[in-house]
Amino acid sequence: MKLKFYIFLFLLSSAVFAQNKQIETSIDTTKNKIGAEFKLTLKTVVSSKSKVVFPNLKNIGALEVIQSYPVDTVKKDDTYELIKKYGLTQFDSGRYVIPGVKILIDKKPHLSDPVSVEINNIKVDTLQQKMYDIKDISTVENGIGDWWIYLLIGVIILAIGAFVYWYIKKHQKKKIEEEVYKTPIEKATSLLNVLEKKELWQKGEIKEYYSELTDIARNYIEEAIQIPAMESTTSELIQGLKTASAKKKMSLTPETVENLERVLRQADLVKFAKSKPLEFEITEDRNKIQKAILTLDNAIPTEVPAEQEDQLLNEAQKQKQIQLLLKKKRNKRIIISVAAVVFLLTATTTYFVVTKGFNYVKDNLIGHPTKELLEGEWVKSEYGNPGVLVETPKVLQRLDTQKVLPKEAMALIKEMQLFGYGSLLDNFYITVSTAKFKNPTDIDLAKALEGNLKIIEAQGAKNMIVKQEDFETKEGITGIKGYGTFTLINDKLNSSTKLYYEVLMFKQDGGLQQIAIFHEEGDTYANDISDRILNSVELKKAGN
C-alpha cells in the first residue's frame, strides 16, 4: 500500500512539472569519448520581470561538471531568451542518462528533459603504440589547508602584545632616574609639587588630596628621622617625633610640632569623619606641611661629610635602587602585555565559538583525526578480484585473512583478498574484501551479512542494531547495505564506545565483494568520509 502511495506521489509530481514545462534541453553530441567535454544546453523564454536561477552543480547524475558557462541573454520584444550551458565529461565508458536539472523561474521549480549520451573508449593501436606496465599508486602531500589562517591570527595577536609592551615602555612620562632622589627632602619637595599639579582638591577629591599630602610628610619623617611614621597614628607619630628630637638634639619649636599635628588631625577628620575644609584651610594646611618639612630638615644636625668610599657605597645603593625600579616597571609592562594578548585570544576564541560553534574551534585549534582524513589527499585504487574500485583518504593495506576470519570460514574459501585501514579501536576503520568459494553456491547476501556481523560481535560488539536495504552501483550491480550501531567493549581499558557501521555486500558468479566502514557515532567528519567512499564504489564484473 505504501509503495503504491509513493508511486502515486511520484507520478503526481511528474505531472505537475510537465504542465509547467518551459525548459528546452539539448546536447551538442550524443556520442562522446572518455574524458572529452560535451555541452548540455538549457534554454528558457521568460518575461522581462521574471527571475531565473540556474543551479551551480558539481555533478549532474553520473557526469562531472567541468565548466559552468555564464548565462547568455537574448532580448526578443518583451521577453528574454536565457541560455545556460554546462560542460560535462565522464571517464568511464557506457550509456548514461543526464537527469533533469531543476531550474527556478519566479521561485517555482521546473525540470529539464532527461537526455541520453554514450561514452566510448578510445581505440588504441597496440601494434603501433608501445605499451607500459601500470605504475604503482602514488600519493600527493597534503595541501597547505587552513592552518595558516589560525597561525596568522596568532602572529597578529602576539604582535599586538609586543606593540603594547613597546608603547608603554616608550611613553612612560618619567624616567627611572628621576624617581630616585638623593635626599629625603628632595623627594618630599618634588612630590609636593607633583601633588599640586594634580589639582585634586579643586576637582572635589579632598580625601585623596589629604591622604597624599600626609603620606608625603610621614614618608619624609620616616626616612629622614628614622621613626615608623607610616604605620603610626597621629598621636604616636607626634610622640615619636618629640622623642627623636630630644635624642638627636634637634632644635624644634613647639609651633612647628603643633602645626604638623594640626594638619595630621585635620586629615584624619577628612578621611574618617568626612569633614570638608574650606579652600583657604586647604591651602594653609599644604603650606604648613611644606614649612614643617623644611623646618625638620634644617633642625637635623649636620653630619661629618662621608668619605670617598661611603660616597661610592651610596652611589652603588642608588644604582641598585634604580635597577629594582627598572625591574618593577618591566614586570608591570610584561603583565599588561600578557593581559592584552590573553584578552585578544579570549575574545577571538569567543567570537569563533559564538559564530562557528565550540566543536569548530576545538577541531581547528586542537585538531580532529577524521577531519584531517577528510581534508587530506584521497587515493582511488582497485582492490581484490573481481576488483573493487573505491576512493579512500588513505591507501588500504593488505591484511592477513587468517588473523581475521575463523577457521570454519577459511575452510570454505578458495581465494580471498582483504585490505584495510585502521581498526575498530581507531577513529575510522574501513575494509575491502573479495572472496571466491571452493564449491559453487548461490550466496544469500542477507545471511552473509549476518555472519559478518557475528564476527564483529566476537570482537567485542554489544547491543548491535541492524538495518538493511538494497544498494545499486552506477554500473547497475545490485547488492545489499547493512547499517546501524553497536557498543564496542574494550576490556583492557575498561571502557566502551558507540560505533556506527555500514557494510556493502555484492555477489558475482559465486564470489563475494564487500566494503565495511566503522566510526564513532555522531562524528560528522567521519559521516562525510563514509558518504564519499560509498558514492565512489565501482565494481569490476566477474570475468572482465
Side-chain angles (χ1 to χ4, degrees), residues 173-174 176-306 314 317-318 321 324-325 328:
K173 294 181 179 180
K174 297 180 181 180
I176 297 299
E177 288 79 2
E178 294 177 352
E179 297 182 5
V180 180
Y181 304 98
K182 293 181 180 179
T183 61
I185 187 62
E186 180 182 343
K187 179 179 179 181
T189 304
S190 177
L191 292 177
L192 284 172
N193 293 331
V194 172
L195 176 60
E196 290 304 310
K197 291 179 181 179
K198 291 182 179 179
E199 297 182 346
L200 293 177
W201 68 268
Q202 291 90 336
K203 299 175 182 177
E205 300 175 10
I206 298 175
K207 180 178 178 180
E208 289 77 7
Y209 177 82
Y210 270 91
S211 179
E212 290 194 29
L213 180 64
T214 54
D215 282 348
I216 293 171
R218 287 174 177 272
N219 190 67
Y220 167 77
I221 294 172
E222 186 167 298
E223 291 181 356
I225 305 177
Q226 298 178 351
I227 61 175
M230 297 298 292
E231 300 175 358
S232 302
T233 64
T234 299
S235 299
E236 291 172 345
L237 173 58
I238 297 302
Q239 183 60 42
L241 180 60
K242 290 178 180 180
T243 303
S245 174
K247 185 177 180 180
K248 294 178 179 288
K249 298 180 180 180
M250 297 171 59
S251 56
L252 288 178
T253 63
E255 181 184 2
T256 300
V257 178
E258 290 175 2
N259 287 337
L260 177 61
E261 183 178 6
R262 187 178 295 111
V263 176
L264 292 176
R265 295 196 182 282
Q266 177 79 295
D268 291 339
L269 291 174
V270 172
K271 290 189 287 184
F272 304 114
K274 297 182 180 181
S275 176
K276 292 185 178 180
L278 300 175
E279 292 183 5
F280 77 91
E281 292 178 317
I282 297 173
T283 304
E284 287 181 359
D285 289 341
R286 192 269 183 195
N287 292 335
K288 287 176 182 178
I289 285 291
Q290 185 174 20
K291 185 177 179 180
I293 290 174
L294 292 173
T295 303
L296 288 172
D297 191 68
N298 292 329
I300 298 174
T302 305
E303 298 180 358
V304 178
N314 291 336
Q317 291 175 345
K318 177 182 176 182
Q321 189 176 1
L324 289 174
L325 289 173
K328 183 178 179 181

Would you check if the side chain of [X] reaches a backbone N or O of [Y] as a donor-acceptor pair within less than 3.5 Å?
X      : Y      : value
Ser245 : Leu241 : no
Tyr220 : Asp297 : yes
Glu223 : Pro184 : no

Can you find a heavy atom in the side chain of [X] that is under 4.5 Å from one in the side chain of [Y]?
X      : Y      : result
Pro277 : Trp201 : no
Lys247 : Thr243 : no
Leu260 : Lys288 : no
Leu213 : Leu192 : yes

More than 12 heavy atoms of other residues, nucleotides or ligands under 6.0 Å from CD of Glu255: is that the case?
->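 Incorrect, the count does not exceed 12.
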Under 6.0 Å from the NZ atom of Lys207, do we count more than 12 heavy atoms belonging to anything else shown?
->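 For Lys207, atom NZ is not crowded (no more than 12 foreign heavy atoms under 6.0 Å).
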Gap between atom [atom2] of [Y] and atom [atom1] of [X] - 0.5 Å precision:
X      : Y      : atom1 : atom2 : result
Lys242 : Glu261 : NZ    : CD    : 6.5 Å
Ile227 : Leu237 : CD1   : CG    : 5.5 Å
Ser275 : Ile206 : OG    : CD1   : 8.5 Å
Asp285 : Asn259 : CG    : CG    : 9.5 Å
Ile282 : Arg286 : CD1   : CZ    : 13.0 Å
Ile221 : Leu296 : CD1   : CG    : 5.5 Å

Salt-bridge test for Lys198 and Glu208: reply yes if a basic N is under 4.0 Å from a carboxylate O, no otherwise.
->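 Answer for the salt bridge query: no.
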Is it true that the side chains of Arg265 and Ser235 contain a donor and an acceptor less than 3.5 Å apart?
->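 Side-chain D/A pair, Arg265 to Ser235: present.
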Shortest non-hydrogen contact from Ser232 toward Arg218 |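 Result for this residue pair: O-NH1, 2.7 Å.
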